[in-house]
Trainee: 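Here it is: the structure, laid out below.
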Amino acid sequence: MIKVEEALERILSAVSVLEEEESPLLEAVGQVLSRDIHSAIDVPPADNSAMDGFAVQAASTRGASPASPRVLRVTGQIAAGGRPGGPVGPGEAVRIMTGAPIPPGADAVVQFEDTDEEVRRRAQDISLSHIGILREASAGLNIRQAGEDIPRGALVLPRGTVVNPPQVGVLASLGMVRAPVIRRPVVAIIGTGDELTPLGEPLPPGRIYDSNTYALAAQVKRLGAIPRIMGIARDVEADLRDKVRQAAEADLVLTSGGVSQGDYDMVKGVLAQEGEMNFWTVSMKPGKPLAFGHFRRGQRRVPHLGLPGNPVSSMITFAVFGRPAVLKMMGKGTAPLPTVEAVMEEEVTNRDGRRYYARVSLSRRSGQYHARLSGPQGSGILSSMAQADGLAIIPEDTTRVRAGDRVQVMLLEWSQEKPSLSQERG
Ligand code: AMP
Ligand code: MG
């Protein structure tokens with residue numbers, strides 16, 4: 001039996017970052033840039049106005065104040081998307097909208113609020129042939145310079161950056177319709193067991209639905225990888241072998257079940273025939289029977305994580321081991337899920353010397369997290385997993401956590417969305 005850290009180390013050293021692909025901009029959300037992005041253009045491409053107002057020569061406004069306006073001759077108007085038009089000379093102004101290009105000659109924009117435009121309008125001066133400037137402008141006022149956001153040739157987004165909404169915005173401002181990114185891993189998921197019934201079929205006596213496959217597929221999907229549901233392998237090696245061979249194109253194979261003692265040791269057997277086993281049991285609870293190895297497919301080695309069959313065990317072992325492996329393939333960091341410190345509100349015992357991941361719900365009172373068990377902790381009790389905000393990590397050598405003791409809680413989901421729903425319910 002090996003420790004969690006060692007198991008994780010072995011898994012991570014057996015998977016590598018995948019190749020790159022060109023992804024349509026929106027589909028790249030959550031993927032990692034595989035190349036440095038340099039800008040081919042200036043952003044903004046030209047000097048433009050940061051305000052609605054009048055483009056002027058700053059010198060024409062010298063000494064201007066509400067008591068002593070400088071009256072300039074209005075020679076034109078430029079809307080956003082318009083052309084800069086003729087030059088602005090001394091004593092002249094061009095009415096300009098936010099985002100419109102600065103006309104030649106002008107070096108400042110005086111916003112409407114600092115002119116007498118309102119007064120002239122009220123006085124029915126519709127022609128607006130002249131405008132009074134009420135404040136001195138300095139050169140550069142309200143002008144956004146070409147390239148001030150991103151100069152042409154600059155390294156805007158380095159390789160390794162995760163494409164999130166702001167990065168999509170930056171790439172779009174460069175006019176890029178596609179982005180070079182690390183491709184998403186395809187994760188094949190195989191359920192094992194004669195007792196399993198696929199969803200969508202009536203449940204015969206003595207059977208259960210194949211929930212693991214879907215819970216795992218959801219976890220895989222959440223990470224931005226592509227789950228491929230391969231169906232159920234019956235409890236005979238030949239069946240599992242067929243399914244594994246069908247999954248040869250995948251980047252990672254997940255099985256659940258068939259790894260516990262007294263089982264047919266199916267997964268072990270097939271791993272031995274089709275590839276190689278790396279390790280077998282990990283010192284954790286739930287999740288002790290966990291197999292890791294790879295299948296050989298010509299030159300390729302397809303990593304295989306043989307997760308336990310119990311629904312909670314399969315989800316927790318995926319969160320602890322599968323998740324970082326998938327993230328590494330995607331070119332992301334492999335740090336474990338974030339933890340918070342919480343006060344445990346009830347006693348929890350841990351008698352068998354393994355690391356115990358207890359399902360807890362969290363509440364926050366006066367700046368402090370409090371944790372309670374989210375329900376019965378049997379590894380088949382999926383409902384308490386659904387109630388959990390996180391997993392309290394009880395170390396191997398801690399036999400008892402008393403009420404009031406502090407524990408580290410690994411956050412399963414970032415549950416910002418949750419409070420409003422529970423308020424509604426309450
Ligand atoms: P095993 O490791 O195959 O002995 O499975 C351990 C427990 O997990 C048994 O109670 C199985 O019925 C259950 N189990 C295994 N696979 C699944 C699955 N895909 N969905 C739901 N429960 C499962
Ligand atoms: Mg089984």
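Heavy-atom basis, side chains included; hydrogens, waters and symmetry copies ignored. All ligand and atom numbering here is 1-based and tracks the order in the structure.
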Trainee: Can you list the ligand 1 atoms lying under 4.0 Å from a non-hydrogen atom of T192?
Mentor: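 What qualifies from ligand 1 is 16 (N).
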Trainee: Any chance CZ of R372 has more than 12 other-residue heavy atoms, nucleotides or ligands included, within less than 6.0 Å?
Mentor: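 Above 12, so yes.
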Trainee: Say whether, by atom type as modelled, one donor and one acceptor occur between the side chain of S374 and the main chain of S384 under 3.5 angstrom.
Mentor: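 Present.
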Trainee: Please state whether S211 comes within less than 4.0 angstrom of ligand 1, counting heavy atoms only.
Mentor: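 The answer is yes, since S211 has a heavy atom less than 4.0 Å from ligand 1.
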Trainee: Taking only heavy atoms of G309 into account, list the atoms of ligand 1 that are under 4.0 Å away from them.
Mentor: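 By the 4.0 Å cutoff, the relevant atoms are 2 (O), 5 (O), 6 (C), 7 (C), 8 (O), 13 (C), 14 (N), 15 (C), 16 (N), 17 (C), 22 (N), 23 (C).
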Trainee: Does one side chain, of T98 or D52, offer a donor that lies under 3.5 Å from an acceptor on the other?
Mentor: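 T98 vs D52: donor-acceptor pair found between side chains.
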Trainee: Measure from the side-chain N and O atoms of K328 to the backbone N and O of T334, and report whether any donor-acceptor pair falls under 3.5 Å.
Mentor: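 Not confirmed, K328 side chain does not pair with T334 backbone.
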Trainee: Spell out, as yes or no, whether a donor-acceptor pair under 3.5 Å connects the side chain of N350 to the backbone of T398.
Mentor: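 Checked: pair present.
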Trainee: Would E195 count as being in polar contact with ligand 1, using the rule that some N or O on each side must be under 3.5 angstrom apart?
Mentor: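 Checking ligand 1 against E195, an N or O pair does fall under 3.5 Å apart.
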Trainee: Which ligand 1 atoms does Y209 reach within 4.0 Å, using its non-hydrogen atoms?
Mentor: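 Every atom of ligand 1 under 4.0 Å from some heavy atom of Y209: 20 (N), 21 (C).
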Trainee: Please check if the number of heavy atoms outside R241 that lie under 6.0 Å from its CZ is greater than 12.
Mentor: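 More than 12 within 6.0 Å, yes.
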Trainee: Looking at N310, which atoms of ligand 1 are within less than 4.0 Å of one of its heavy atoms?
Mentor: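 With N310 as reference, the close atoms of ligand 1 come out as 6 (C), 7 (C), 8 (O).
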Trainee: So for ligand 1, is G191 a polar contact partner (N or O within less than 3.5 Å, distance only)?
Mentor: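 No, there is no polar N/O contact under 3.5 Å.
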Trainee: If you count the atoms of ligand 1 from 1 in the order shown, which ones are under 4.0 Å from a heavy atom of D210?
Mentor: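 Every atom of ligand 1 under 4.0 Å from some heavy atom of D210: 18 (C), 19 (N), 20 (N).
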Trainee: List every atom of ligand 1 that sits less than 4.0 Å from any heavy atom of S256, numbering the atoms from 1 in the order shown and giving each element.
Mentor: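 Contacts of ligand 1 toward S256, numbered from 1: 19 (N).
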Trainee: Taking D389 for its side chain and L362 for its backbone only, find out whether a donor-acceptor pair lies under 3.5 Å.
Mentor: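 Indeed, once roles are kept as given, a pair shorter than 3.5 Å links the two residues.
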Trainee: Report yes if some N/O of L196 lies less than 3.5 Å from some N/O of ligand 1; otherwise report no.
Mentor: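 Among all N and O atoms of L196, none is under 3.5 Å from an N or O of ligand 1.
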Trainee: Tell me if the CD atom of E6 is crowded by more than 12 foreign heavy atoms within 6.0 Å.
Mentor: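 Count over threshold, so yes.
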Trainee: Find all atoms of ligand 1 within a distance of less than 4.0 Å from any non-hydrogen atom belonging to G258, and give their numbers and elements.
Mentor: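 Counting atoms of ligand 1 from 1, those under 4.0 Å from G258 are 1 (P), 2 (O), 3 (O).
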